[in-house]
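Below you'll find the structure, written out as structure tokens, and then a few comments.
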Amino acid sequence: MKFISTRGEAPVLNFEEAVLAGLASDGGLYVPETLPKFSADEIASWAGLSYQELAFKIISPFVDGEIADDDLQAIIDKAYSSFRHNAIAPMVQTGHNEWVLELFQGPTLAFKDFALQFLGHLLDFILTKRQQKVAVMGATSGDTGSAAIEGCRRCENIDIFILHPHNRVSEVQRRQMTTVLADNVFNIALAGNFDDCQNMVKASFRDQSFLPEGRQLVAVNSINWARIMAQIVYYFYSALALGGPARKVSYSVPTGNFGDIYAGYLASQMGLPIEQLIIATNQNDILHRCISDNDHSKRELSQSLAPSMDIMVSSNFERLLFDLYGRDGAEIQRLMSEFESGSMVLSDAALKSARALFSSHRLDDDGMLRVIASVYESTGYMLDPHTAIGVAAAREKRNNTDTPVVCLATAHPAKFPEAVMKAGDFGEPALPHHMKDLFVREERFVELENDQSLVQDFINKRL
Ligand SMILES: *Cc1c(COP(=O)(O)O)cnc(C)c1O
């Protein structure tokens, strides 16, 4: 399969090249030239498949023979063998025709494991074949870093460097990263904030001359196509469990970088009957303002109790815009440069076609805490703050209660104990068994000044 850039001017790549590429050279994001499409009969025939078998059906058309079928199935099987629950993505009912899809059964308790467990094994396979070694470099404000480290810790061909803002991530999040003591894992606590980390990573990707001969950087944030692709699977899996494709299903998705919900959009484009995709945001609500008022303008970032959605610019939104604008790269270039200077306005046609599938809702911290409390009181089920925003959005925005709504649970509540404790006197959510000793495990990280040559020198010396 061929992959093209949303801005129309970068080289066309094959699957493996797209996985290694990260951002396109024209500043755009890679997307498939055409999407695979499945008929209702074909989807219905997958009803009894395990998660891993279904993943193969969805993913193999994108890989398109570049990796042999047996090898691809083995990569998928390895990726999901680290999940605690046999169903991989189990569901819990929280109301009439309302379901929570638990995407936190992986090693780091957030949905990012779905993509990053898969990406780690996929990269290792591709790199072994090419006899190539790479360095993964990323910045994290919390969940991405630990999921990336867990995904790469056993990869022979990868050294991974994750920058986090020193003293500005939660203790659970920090320990999930720093207690992985593998020789190829390097945690850098940068004296600065998340933006400083992000800028350092961006600058390093732009000019990679600090790396030893023959090495390149690989991106593991959600601009990487393989991450998005892996996330399409659980939309199909949950819809099949609820009677799809004969019956439509709606989804409510807590959204930051627009990766997770964009995977739902792709599922619908590939033939899954989805009635609504509900964008759920916290007070950092640029996507909600865009869908509801055509106001896609940058505002000051505000810290919330759902920190994994504290994002101002949603990178993957560009991939949706590319489709909304008839896949016209020049139009996307124009729009994105308009947005660089503060804000962009969507055309009536683009907005109308977005609204045919998407709706949106915004909830601040107080509202979110009330939802955690009320769901706990009515069902005994504890939501994490991100998921709670999704549940609220589903209740507010669903068109009809005959269609099942699935709320994506993006994290386990024990990952965000502070918010859960604020919601009411329900006791502290317990870490799952395999992480019980997290707070007494040995940690390893280096503290570095916010200085580019210092950080790049540190990386160079370890490769
Ligand atoms: C990353 C993350 C999100 C946001 O996901 P996007 O794909 O960036 O929209 C939501 N909730 C949690 C817990 C996360 O870790």
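Positions are given from 1 along the sequence. The figures here come from the full heavy-atom set of this structure, side chains too, leaving out hydrogens, waters and symmetry mates. Remember, it's 1-based here, ligands and their atoms both numbered in the order they're listed.
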When you check ligand 1 against the protein, what N or O pairs turn up below 3.5 Å? List the atom names and distances, or just say none.
unit_1: ligand 1; atom_1: 7 (O); unit_2: Gly259; atom_2: N; d: 3.2
unit_1: ligand 1; atom_1: 7 (O); unit_2: Asp260; atom_2: N; d: 2.9
unit_1: ligand 1; atom_1: 8 (O); unit_2: Asn257; atom_2: N; d: 2.7
unit_1: ligand 1; atom_1: 9 (O); unit_2: Gly256; atom_2: N; d: 2.8
unit_1: ligand 1; atom_1: 9 (O); unit_2: Asn257; atom_2: N; d: 3.2
unit_1: ligand 1; atom_1: 9 (O); unit_2: Phe258; atom_2: N; d: 3.1
unit_1: ligand 1; atom_1: 11 (N); unit_2: Thr410; atom_2: OG1; d: 2.9
unit_1: ligand 1; atom_1: 15 (O); unit_2: Lys112; atom_2: NZ; d: 2.5
unit_1: ligand 1; atom_1: 15 (O); unit_2: Asp143; atom_2: OD2; d: 2.5

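Residues in residues 362-376 take part in these side chain to side chain donor-acceptor pair (under 3.5 Å) pairs, two or more places apart or across chains: Asp285-Arg362.
Within the 6.0 Å centre-distance limit, the rings of Trp46 and Phe38 are counted as a close aromatic pair.
Under the rule for a side chain to side chain contact (heavy atoms under 4.5 Å, CB included), the partners of Ile286 that lie at least two apart in sequence or sit in another chain are Arg289, His296, Phe339. For Ala10, the side chain to side chain contact (heavy atoms under 4.5 Å, CB included) test picks out Ser5, Ala24, Ser25, Asp26, Tyr30, with sequence neighbours left out.
Ring geometry for His166 versus Phe445: interplanar angle of 30 to 60°, hence tilted.
With salt bridges taken as basic N to acidic carboxylate O contacts below 4.0 Å, none links Lys57 and Glu53.
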